[in-house]
There are 2 protein chains.
Amino acid sequence: MKQQLQIRMNENLFLRNPAQSELGKKIVGSSILLIHNNGFENFTFKKLAEVIGTTEAGVYRYFENKHKLLVYLTSWYWGWLEFQIVFKTNNIKNPVVKLKKVISLLGSAVEDDLQTDYIDEGVLYKIIIKEGSKAYLTKQVGEDNEKHFFKPYKDLCSIVGDIIIECNPKYKYPKSLASTLIEMSHFQNFFMINLPSLTDFGNSKEPNDIALFLTDLVFSSINKK
Amino acid sequence: MKQQLQIRMNENLFLRNPAQSELGKKIVGSSILLIHNNGFENFTFKKLAEVIGTTEAGVYRYFENKHKLLVYLTSWYWGWLEFQIVFKTNNIKNPVVKLKKVISLLGSAVEDDLQTDYIDEGVLYKIIIKEGSKAYLTKQVGEDNEKHFFKPYKDLCSIVGDIIIECNPKYKYPKSLASTLIEMSHFQNFFMINLPSLTDFGNSKEPNDIALFLTDLVFSSINKK
DNA sequence: CATAAATAATAGTAAAGCTATCAAAAATAA
DNA sequence: TTATTTTTGATAGCTTTACTATTATTTATG
């Protein structure tokens, strides 16, 4: 019997829950592919509707606009990643080992998770890298935040921050180090591929090099003196 | 006699050089204020034209589209900041002191530079924080990069990376640390103001706290063991 | 003063970003 | 199984954005 993993989503992100209908799942699944292919700026509900064989109005019945869809997708990703992290570090006692595991989970397009059939996590990961920050770098970030749109992202940062504190209770900047770690796992990846002179991994293009850098960065800070 | 500081700009960013006419300067100067007020997504050439008393077509004679204008603004900022950094660290011999100076220059809305009368660097700095990454987080980042649109940003990273190497010639990730430092000086600032739980400076909202965090982060890495 | 260059005024087009309406189909409840 | 509610499909339309083109007028320059 197939087990389906459901990520709990903020109800204000959608008009109709896309996880509860075939059309909704198609909207989410195909939007990931389309945003990846076209870039978020060139992505429209009309193009999406064509691809999945519905109408523009059909998509609008699920999402108010493409911004909310992007926030939905990023939220879903953070929720999913939190689950992965909690699940895969569950049995690890040593916080140092745990944090290293988190860094490796942050840094790679995971193998497609079969528990979530309509979402390709590998492609979604690439969207997070290229479009993820656009979810909050907006005029309405304050209102969106009041509606708790960024809770999954904050929760993840909080979990990582807590592990940092476990490693060294005296470290002064656990939250900022956590958000730095998460953001940089994506930015260094983006730079490596698109603007390689901004990184030290230009030639190898080996995602694991980023993990090595981040591990060095994080543990130097935590273990200072 | 008034000295005017001119930042050398990539010719492919504009159709007509905005620095060489009154209308051009108005376009640049007012676009900074408008983008800051409306956010980049809600900013249009039409609104800009209204504000400065010209027509949409008038703006299009200077810039092909708003993306190129954004790249122009960010490039200008990086060029200007490089000048500030080179100028203000010129006499500093000690690379550690130099790097600390760089961190403080990166982290604050500087006092409005009087050498550039039509550009408000303080407001431009805020645009860099909120909109800066949108200059390269696009579908066409590859083409833009081939046209050297991001050279000023790369140059700055390179300068910072060189100072890092001066501090410790054996440090393995000078470029990635430099880009991390620069990105985080903006992201932590954005988070502090808009999503404070992602930082450790939520209550104080004191930009200097960010500099302390970044100084700790950078020198822990450089001086490890 | 002549001429070239820059600007203003106006018009127009395709696409994006929606909203509204109504009929058909599918799911569900009586 | 029919009745009813919910969801979808088809179509239309409207405002704004993102441009391009044309011509007249002003401004700068030789």
Side-chain angles (χ1 to χ4, degrees), chain A residues 9 11-31 34-35 37-73 118 131 134-135 138-140 143-144, chain B residues 9 11-31 34-35 37-73 118 131 134-135 138-140 143-144:
Chain A
M9 301 298 294
E11 304 263 322
N12 293 311
L13 284 173
F14 48 76
L15 300 170
R16 208 197 285 313
N17 192 337
Q20 282 168 9
S21 78
E22 281 313 305
L23 182 60
K25 288 177 189 173
K26 272 203 225 167
I27 288 173
V28 171
S30 296
S31 71
L34 257 183
I35 291 173
N37 286 330
N38 294 355
F40 185 65
E41 280 70 34
N42 305 312
F43 163 83
T44 68
F45 278 6
K46 192 164 189 201
K47 290 174 191 165
L48 175 60
E50 274 164 33
V51 167
I52 62 182
T54 184
T55 58
E56 221 184 333
V59 180
Y60 275 104
R61 269 196 292 264
Y62 281 84
F63 291 99
E64 241 180 282
N65 52 52
K66 69 176 186 171
H67 173 248
K68 290 219 172 152
L69 173 55
L70 179 64
V71 177
Y72 181 93
L73 295 177
Y118 63 101
E131 323 287 358
K134 295 172 192 169
T138 65
K139 187 72 192 170
Q140 72 266 28
E143 298 151 49
D144 285 358
Chain B
M9 300 298 294
E11 304 263 323
N12 293 311
L13 284 173
F14 48 76
L15 300 170
R16 208 195 285 314
N17 192 337
Q20 282 168 9
S21 78
E22 282 312 305
L23 181 61
K25 288 177 189 173
K26 272 203 226 168
I27 288 173
V28 171
S30 296
S31 71
L34 257 183
I35 291 173
N37 285 330
N38 294 355
F40 185 66
E41 280 70 35
N42 305 313
F43 163 83
T44 69
F45 278 5
K46 192 165 188 200
K47 290 174 190 165
L48 175 60
E50 272 163 34
V51 167
I52 62 182
T54 185
T55 58
E56 225 183 329
V59 179
Y60 275 105
R61 256 182 266 120
Y62 281 84
F63 290 99
E64 243 179 281
N65 52 53
K66 70 175 186 171
H67 173 248
K68 289 217 172 155
L69 173 56
L70 180 64
V71 177
Y72 181 93
L73 294 177
Y118 63 101
E131 323 286 359
K134 295 173 192 169
T138 65
K139 187 74 191 168
Q140 73 266 27
E143 299 150 49
D144 285 359

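Protein chains get the first letters and strands the later ones, always in sequence-line order, with residue 1 at the start of each. Atom set for the values below is all heavy atoms of this structure, side chains included, hydrogens, waters and symmetry mates excluded.
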Touch class at under 4.0 angstrom, heavy-atom based, for B:K66 against every strand present: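 Answer is sugar-phosphate: B:K66 comes under 4.0 Å of backbone atoms only.
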Between [N] ([atom2]) and [X] ([atom1]): distance, integer Å:
| X | N | atom1 | atom2 | result |
| --- | --- | --- | --- | --- |
| A:L69 | C:dA16 | CG | P | 16 Å |
| A:L48 | C:dA16 | CG | P | 13 Å |
| B:Y60 | D:dA21 | OH | P | 13 Å |
| A:K46 | D:dT11 | NZ | P | 13 Å |
| B:F14 | C:dA6 | CZ | P | 13 Å |
| A:I52 | D:dG9 | CD1 | C1' | 12 Å |
| B:N17 | C:dA5 | CG | C1' | 15 Å |
| A:N42 | C:dA16 | CG | P | 9 Å |

Short side-chain donor-acceptor distance under 3.5 Å, A:Y72 and A:S31: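 There is no such pair (donor and acceptor under 3.5 Å, judged by atom type) between the side chains of A:S31 and A:Y72.
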Ring geometry between B:F45 and B:F43 (parallel below 30°, tilted from 30 to 60°, perpendicular above 60°):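 Ring orientation, 0 to 90° scale: perpendicular.
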Check: B:H67 main-chain N/O paired with B:K134 side-chain donor or acceptor under 3.5 Å: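 Checked: no pair found.
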Donor-acceptor under 3.5 Å (B:K139 side chain, A:N37 main chain):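 Yes: the side chain of B:K139 pairs with the backbone of A:N37.
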Reading 5' to 3' through nucleotides 7-15 of chain C, protein heavy-atom contacts under 4.0 Å coded B for base, S for sugar-phosphate only, - for none: BBBB-----
Candidate list B:R61, B:K68, B:K66, test salt bridge (charged side-chain N to carboxylate O under 4.0 Å, His left out), partner B:E64, passing option: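 For B:E64, the salt bridge (charged side-chain N to carboxylate O under 4.0 Å, His left out) check succeeds only for B:K68.
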Sub-4.5 Å side-chain heavy-atom contact between A:M9 and A:N17: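 A side-chain contact is absent here, since even the closest heavy-atom pair is not under 4.5 Å.
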